Asks: 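Handing you this structure, nothing more for now.
Model, not experiment: these values are computed from the prediction. Throughout, a chain's letter reflects where its sequence line sits, starting with A, and its residues are numbered from 1.
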Amino acid sequence: MRVLNVAEKPSVAKSVASILSGNQNLRMREGRSRYNKIYEFNYSINGLPCHMLVTSVTGHLMELEFEDRFRKWHACDPALLFTAPVRKVVPQDKLDIKRTLEEVARGCQWLVLWLDCDREGENIAFEVIEVCTAVNRQLTLRRARFSALIERDIHDAVQNLVNPNKYFADAVDARQEIDLRIGASFTRFQTMLLRDAFVIESATNDRNLVLSYGPCQFPTLGFVVERYWEIQSHEPEEFWTINCSHRSDEGVATFNWMRGHFFDYACAVIIYEMCVEEPTATVTKVRQQEKLKYAPAPLNTIQLEKRASIYFRMSSEHTMKVAEELYQAGFISYPRTETDSFSERTNLHAIVQEQQGHPGWGSYAQRLLDPASGLWRNPRNGGHDDKAHPPIHPTKFSSGESGWSQDHHRLYELVVRHFLACVSQPAVGAETTVEIDIAGELFFASGRVIVAKNYLDVYRFESWGGSLLPTYEVGQQFVPTTLTLDSGVTRPPPLLSEADLLGCMDKEGIGTDATMHDHIKKLLDRFYATKDSSMRFSPTNLGEALVMGYDDMGYKLWKPYLRAVMERDMKAVSEGAKSKAEVLETCLQQMKACFLDARLNKVKLFEAMAVFFERSNRAGGDEQHASGEFVRRCGLCQEADMVLRQNRDGNFMVGCLGFPQCRNVVWLPGSVSEAAVTTNLCNSCNPGPVYLIQFTFRRLEIPPDYNANHLGCIGGCDETLRRLTEICGTGSRLSARGRGGPAMPNNVQRSNTRQGACIYCHQTGHSSGNCPSQSSGPRSSRPQSMNVQSGQVSISCSACGAPCALRTANTTTNRGRKFYSCQSQACNFFVWEDSINNGNRGRGFQRVNVSASASNPSRSVGHGRGGRGAVDAAGVTFVSATGDPISGRRCFVCGDPSHFANACPNRGI
DNA sequence: GCAAGGTC
């Protein structure tokens, strides 16, 4: 019996063939595609002798596409894409693989499917079935289920073949169809609506600019915009904290206030004064604890991308490209995996053994293998398993290859060191916490000594800040060296880093491990977002405007919810709880309703775009062609429909949907006030059908002997329409110029009250710049850009010199109080408006100085915001006027004192 | 010219 075996990728075909044949009498020959070889050997399945042929596809063999009539953008209304017929086709670049399968399948009796054991794999299995059974109806179809490319699994799978799972494949069919229909309809709609209506300077050639919408790319953009809005709308709030330090022979200890910080200055000062008056500190608690810092879980794709971004500033897209090359060359395992736990059957020691000769980490590998070192520890289980691939690990030793770039070296090193760390003991630290009491107020200090670095010895990318604390004993008393009341302001969160963004996508289920980096890249390619020099993402005006437009419509299309609902439905289909047809119908019905509604509310998108972009003077503008009532098939291009439209200026025309390729248009008289296509057909015009249009003319603009209501035909037979066109002119810009004497620039025409409908309210009588609807109210969580723009700018940032915006605080303590702040996140400058009148010109992070003397506690304490520190006879300074950043704090994520948590390089891992 | 998912 001849058995055709098909795997999802060439590497799996090779492994399966090599395992099943035991490399005995294994022959390889070329297929039609250069990547997909054919392996042949003999094997026996359940005692039945078989001649095995093993080959592969490369992922999906087929693509879903619309039928020809719906593929040209202007040939149909995008709303039709929710119902237009679709078909699965093998694209040009996969035809070679298809032919190989057909040729081999003809001579086989069985087809065994070795696709990955996930939903996409099952769907690819059915694509292979379709191609193979088309040439050989007699094939027996069997599915091999395996969870790893190891001998036992592969032999088990082939001896226990099952049936392919249609439910799994159906779920993917549904996902594909929904993605295509939603993506194509919204992309065409918003591109045609906005691209030519505004001057979008980000694109060099905006004729090619595509304003795409996709159920993954838009939520990804949503994360970026949401964080940006959070930063923009942040109102800095001033807070106060008491810090204390003590210098002894052993060094300096910095104590933090147990209360953290106060937003109320008066309360903070009262407590501070109490402390200053009785400054003697008493040690109330000394606690010593052992702390462990565990090595990370085994490496999966998302962690690889996140860590390469943080450690090497590599983009996720570039990381995957380099990883793919290392994989192809055999140095690392398959890089697209969700799995972060090793199977018990993996020979971890063998992988370590291979690395013993490396000059950088070889000696660590040797120590690991020495049982006497006690360094070995079985790796953690990260809790994810895609059942198809192991965690990313080194598969071949290398001390660097000649063709490798710096990034190849770095990524290979990360994979190896990560693996060695995973099988190592955690780092051990001894932590000491000391609590002191000053006048009833509690303060604490902590220090850490690393007792055993263990995995940190090899995993040089992570650190565990250590700092020594002088020895204290309970009951010990001392007078602090400094005791200061310090001020700070709350800061907004930072822009999203690539690691943050991957984290958001992972959490909300946007994309897969193999596609997340594509979605991020798409934001950059589409000019929706930019990445700054510190690898953080900001939305562009275009990205922000699109999200703002949909947000104003009340649609959460830019949120991850839609994808989450789809994902739940897909799961239901894969479990057989819902049918593919049922899910497709409900989902597409809802999305079509949403689409039609979005089109009705397109003014919201216009408004949002108008906040950032100038209107374009380009004649036409595709938005006029985005929808309209069918009148006739175009006689000129004979490809698209002619539809009734109203242009921006309110003039009617019947234009071809093939614009701009086809420019066939019938302009209607400028005196038409209303027009609607009827169901009546013209009896004389050819080629038919040509639907008649019911017109209403403005009485004062047509001669008295003409009727204001007229049922007319645009096919050429209608004499009345022809005469009125001659008399009144048409709404076309060329015609308007002709009638109006000397040609006027388009923007002048737009401000003409008769022709220029306001872009905001679509009414005439005022220009867009004076629209009464634009005295904007507050916008949900977004920054109030209008208010900011119209704010009285009268003060400059002390750090960067840029003019500050006047804002209004909305916090509990300062509601309604006005303040100026720098719009740059980096400066953090702000000043209360009322304090300017008092002579204070802004504070930023400046410390406020409150002085007192330890030797004379009864002396009055200065509250002044400009007082200087005082030194007593014994040289004990309680205050600092240096403006230094608050010291003695450490990052609560990694414990490193060199930065705070919001700037921690380990944040988001 | 549109999506997202495989993979080379």
Asks: Can a side chain N or O of A:Arg563 be found less than 4.0 Å away from OP1 or OP2 on B:dA3?
Replies: no
Asks: Can you find a donor-acceptor pair, distance only, under 3.5 Å between A:Thr187 side chain and B:dC2 base?
Replies: no
Asks: Hey, is A:Tyr213 doing a stacking thing with B:dA3, by the 5.5 Å centroid and 30° angle criteria?
Replies: no
Asks: How is A:Asp116 classified with respect to the nucleic acid when contacts are heavy atoms under 4.0 Å: base, sugar-phosphate, or nothing?
Replies: sugar-phosphate
Asks: Taking atom types as they are modelled, is there a donor-acceptor pair under 3.5 Å from the base of B:dG5 to the side chain of A:His519?
Replies: no
Asks: When we call it a touch if two heavy atoms are under 4.0 Å apart, what does A:Leu64 touch: a base, just sugar-phosphate, or nothing?
Replies: base
Asks: Rounded to the nearest angstrom, tell me the gap between atom CD1 in A:Ile182 and atom P in B:dG5.
Replies: 13 Å
Asks: Select base, sugar-phosphate, or nothing to describe what A:Glu324 touches, counting heavy atoms under 4.0 Å on all strands.
Replies: sugar-phosphate
Asks: What nucleic acid atoms does A:Lys522 come within less than 4.0 Å of, heavy atoms only: base, sugar-phosphate, or nothing?
Replies: sugar-phosphate
Asks: Is the charged tip of A:Lys166 near the ring of A:Phe126: under 6.0 Å from the six-membered ring centre and within 45° of its axis?
Replies: yes
Asks: Can you tell me which residue among A:Leu141, A:Val6, A:Thr133 is in a side chain to side chain contact (heavy atoms under 4.5 Å, CB included) with A:Val128?
Replies: A:Val6
Asks: A:Gly121 near the nucleic acid: base, sugar-phosphate alone, or nothing, with a heavy-atom cut-off under 4.0 Å?
Replies: nothing
Asks: Does a donor on one side chain sit under 3.5 Å from an acceptor on the other, for A:Asp513 and A:Asn300?
Replies: no
